[in-house]
K.L.:
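Before I ask anything, here is the structure I am working with.
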Amino acid sequence: MKNTIISLKDITVSYDGEQVLGGFNLDIHDGEFVTLLGPSGCGKTTALRTIAGFIKPDKGDVFFYEKNITNLPPHKREVNTIFQKYALFPHLNVYENIAFGMRLKNRSEKEIKRTVHDMLAKVNLTGYAHRGIGQLSGGQQQRVAIARALANAPKVLLLDEPLGALDLKLRKDMQVELKKLQQETGITFVFVTHDQEEALSMSDTVVVMDGGVIQQIGTPTDIYNEPENAFVADFIGESNILDGVMLEDYSVKFAGHVFRCLDSGFGKNTPVDVVIRPEDIKVVEPNSTLITGDVTSVTFKGVHYEIIVDVGGFKWMIQSTECREAGDRIGLSLTPNDIHVMHKSQYSGRFGDYSTFSDEMGEDIIASDEAALAEAAPAGDAAGRKNASPDASSEDGGQNG
């Protein structure tokens, strides 16, 4: 077990009376590449800035190798931060940008020169020392920012969505470069992103967050294959999430049928959420399996087709190399290994149906339908409908976000 380098203990942070982190606890180990992953507003950047010292928590403590650093200012912490906009000095060339932090620490010119050239070699920018920042591409500027941060030999490097401004192919290149640098230097990286692919491809440990609360911590494989609730299952990749009942160990009922599964320990007749990844579903003839449905749309994705299937009013997603046409009736075949059972949570019923791909679009469709009904109805009916309980929107099993 690696040593714990950073501990956040019972951290609470509020902005203008609104709590962003509440009772937040996290241990980060020496030499790890840790990613804080979640949607905008989930508190991941606040957690990062608390580690950096830019935010002092309302409650709780920050520890660095078991030493309480909660009140230590940012410049005295053995961490460096790389921001999305890099914060390079436009009036200094590449060499002087990288040397800046070392000059503040009164390093010798000989040491500065050696370190700058070592850092430029690490980020594949040898020969760029005397270029102006304005002469560099976005990817090159980011590598200068990384070199500047590494030049001070921090124990921890904090990266706040540093790839957000790059195009797709450059992002992929930089994902590889960052992981390579982390492995070469052995420095602990704490990386913030809302991009699931980035988190899965780069990290040793992924911390999934929502609403200022950690939803799950694990390896990328564990997070993807064994999500702990509907939010994690939906946020990491694509997931069909259905209401089910755990009849007994290794037996679960959903979509009107009973299936064997690999899960146990839920008790008898326990309501659960059932997760089935789109790539695990096999398309078969409708008379050869329990679950059948009608294809509503097909999208070619290059290596596979993304097929949306209406099964009793619930829209499933299938990812298959076999093409089907809209209107086809097909069967969906599952093995016990394809079925993952989770406890019910506050997120149950909110995700997993592919009528739409986002909460926003789903909410807009419901609101639009309600408005159209109100406009079409006589005044008395509209008033009555407005006061009725809106149960129609709760019957579709939730929207995928």
Side-chain angles (χ1 to χ4, degrees), residues 6-28 34-64 67-88 145 149 154 156-165 189-196 198-199 206-217 228-232 234-236 345-351 358-364 366-367 390 393 398-399 401:
I6 292 172
S7 288
L8 302 179
K9 301 290 187 185
D10 300 318
I11 298 294
T12 298
V13 176
S14 297
Y15 297 136
D16 298 324
E18 183 177 345
Q19 186 170 285
V20 179
L21 295 177
F24 190 86
N25 292 277
L26 178 64
D27 289 339
I28 296 171
V34 178
T35 296
L36 307 182
L37 173 68
S40 297
C42 73
K44 56 189 185 292
T45 293
T46 298
L48 193 82
R49 291 174 68 84
T50 300
I51 295 171
F54 299 129
I55 292 174
K56 184 177 179 181
D58 304 323
K59 295 180 182 177
D61 296 290
V62 182
F63 293 89
F64 188 85
K67 177 185 176 183
N68 193 322
I69 62 168
T70 309
N71 296 313
L72 201 66
H75 67 278
K76 292 188 176 181
R77 301 190 182 196
E78 294 185 76
V79 304
N80 269 9
T81 305
I82 297 176
F83 301 98
Q84 185 173 347
K85 294 186 178 179
Y86 315 139
L88 297 172
V156 179
L157 187 61
L158 309 176
L159 304 102
D160 190 4
E161 302 208 44
L163 309 184
F189 277 30
V190 184
F191 187 89
V192 162
T193 186
H194 61 270
D195 187 302
Q196 304 95 316
E198 257 177 24
V206 180
V207 180
V208 185
M209 297 175 59
D210 185 52
V213 176
I214 294 174
Q215 302 297 324
Q216 187 170 351
I217 301 175
E228 291 186 1
N229 61 39
F231 174 82
V232 177
D234 176 77
F235 195 77
I236 307 295
S345 71
Q346 62 177 316
Y347 298 101
S348 298
R350 289 176 52 186
F351 305 105
S358 69
D359 288 339
E360 179 179 311
M361 182 62 75
E363 291 164 2
D364 287 347
I366 292 169
S393 63
Q399 304 298 329

K.L.:
To the nearest 0.5 Å, tell me how far Lys9 NZ sits from Ile6 CD1.
P.N.:
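If I round to the nearest 0.5 Å, the distance is 12.5 Å.
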K.L.:
Nearest 0.5 Å, please: how far is CD1 in Ile214 from CG in Leu37?
P.N.:
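Spacing of CG (Leu37) from CD1 (Ile214) equals 12.0 Å.
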K.L.:
Check for a donor-acceptor pair, side chain of Gln216 on one end and backbone N or O of Glu228 on the other, with a separation under 3.5 Å.
P.N.:
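Confirmed, Gln216 side chain pairs with Glu228 backbone.
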K.L.:
Please examine the side chains of Val79 and Val190, heavy atoms only from C-beta on, and report whether any two atoms are closer than 4.5 Å.
P.N.:
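Heavy-atom side-chain distance check fails, nothing below 4.5 Å.
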K.L.:
Quick check: does any side chain N or O of Arg350 sit under 3.5 Å from a backbone N or O of Ala230, one acting as donor and the other as acceptor?
P.N.:
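Pair absent, no side-chain N/O of Arg350 close to backbone of Ala230.
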K.L.:
Only counting residues at least two apart or in another chain, list the ones meeting side-chain contact (heavy atoms from CB on, under 4.5 Å) with Asp195.
P.N.:
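For Asp195, the residues satisfying side-chain contact (heavy atoms from CB on, under 4.5 Å) (neighbours in sequence not counted) are Arg171, Thr193, Glu197, Glu198.
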K.L.:
With side-chain hydrogen bond (donor to acceptor under 3.5 Å, both in side chains) as the test, pick out the partner of Lys56 among Thr70, Asn71, Thr50.
P.N.:
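Testing Lys56 for a side-chain hydrogen bond (donor to acceptor under 3.5 Å, both in side chains) against Thr70, Asn71, Thr50 leaves exactly one candidate, Asn71.
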K.L.:
Measuring from Ile28:CD1 to Leu8:CG, what's the distance to the nearest 0.5 Å?
P.N.:
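Nearest 0.5 Å value for the CD1-CG distance: 6.0 Å.
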K.L.:
Quick one: pull up CG in Asn25 and CG in Asp10 and give me the separation to the nearest 0.5 Å.
P.N.:
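Result: 4.5 Å between the selected atoms.
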K.L.:
Test side-chain contact (heavy atoms from CB on, under 4.5 Å) on Ile217 and Leu26 and set out the steps.
P.N.:
CA-CA 9 Å; Ile217 301 175; Leu26 178 64; 3.9 Å; yes
K.L.:
Looking at CG of Asn229 and CZ of Phe235, how far apart are the two atoms once the value is rounded to the nearest 0.5 Å?
P.N.:
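Rounded to the nearest 0.5 Å, the CG-CZ separation comes to 12.5 Å.
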K.L.:
Please enumerate all residues that pass ring-ring contact (aromatic ring centres under 6.0 Å, His included) together with Phe24, with sequence neighbours excluded.
P.N.:
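None.
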K.L.:
With the side chain counted from C-beta on, respond yes when Phe231 and Ser345 share a heavy-atom pair under 4.5 Å apart, and no when they do not.
P.N.:
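Answer no - side chains too far apart.
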K.L.:
Begin with the C-alpha distance, continue with both residues' side-chain angles, and end with the deciding distance and a verdict on salt bridge (Lys or Arg N to Asp or Glu O under 4.0 Å) for Lys67 and Asp61.
P.N.:
CA-CA 10 Å; Lys67 177 185 176 183; Asp61 296 290; over 6 Å; no
K.L.:
Which pair of heavy atoms, one from Leu157 and one from Ala149, lies closest together, and at what distance?
P.N.:
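Closest pair (atom of Leu157, atom of Ala149, distance): CD1-CB, 3.4 Å.
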K.L.:
Are a donor atom and an acceptor atom from the side chains of Asp210 and Tyr347 found within less than 3.5 Å of each other?
P.N.:
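Indeed, the side chains of Asp210 and Tyr347 share at least one donor-acceptor pair under 3.5 Å.
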K.L.:
Has Asp58 got a side-chain atom pairing as donor or acceptor with Ser14's backbone, closer than 3.5 angstrom?
P.N.:
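Judged by distance alone, yes, a pair lies under 3.5 Å.
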K.L.:
Would you call Val156 and Phe64 a side-chain contact if the rule is heavy atoms closer than 4.5 Å?
P.N.:
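When only atoms from C-beta onward are counted, Phe64 and Val156 do touch, with a gap below 4.5 Å.
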K.L.:
For Ala199 and Thr35, work out which heavy atoms get closest and say how close.
P.N.:
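Looking at all heavy atoms of both residues, the shortest contact is CB-CG2, 3.8 Å.
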K.L.:
Which heavy-atom pair separates Arg77 from Val62 by the least distance, and what is that distance?
P.N.:
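Nearest heavy atoms, Arg77 then Val62: NH1-CG1, 4.3 Å.
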K.L.:
Where do Pro57 and Val13 come nearest, in terms of heavy atoms and distance?
P.N.:
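Residues Pro57 and Val13, closest heavy atoms: CA-CG2, 3.9 Å.
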K.L.:
Is the closest side-chain heavy-atom distance between Leu21 and Met209 below 4.5 Å?
P.N.:
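Yes. Closest side-chain heavy atoms under 4.5 Å.
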K.L.:
Check for a donor-acceptor pair, side chain of Gln19 on one end and backbone N or O of Thr12 on the other, with a separation under 3.5 Å.
P.N.:
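Between the backbone of Thr12 and the side chain of Gln19 there is no qualifying donor-acceptor contact (under 3.5 Å).
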K.L.:
Look only at the side chain of Lys44 and the backbone of Gly38, and say whether a donor-acceptor pair between them is shorter than 3.5 Å.
P.N.:
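Yes: the side chain of Lys44 pairs with the backbone of Gly38.
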K.L.:
Check Leu158, Val192, Thr81, Ile55 against Arg49 for a side chain to side chain contact (heavy atoms under 4.5 Å, CB included) and give me the one that passes.
P.N.:
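The option that passes is Ile55.
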K.L.:
Output the distance between atom CD (Glu161) and atom OG1 (Thr45), rounded to the nearest 0.5 Å.
P.N.:
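These two atoms lie 5.5 Å from each other.
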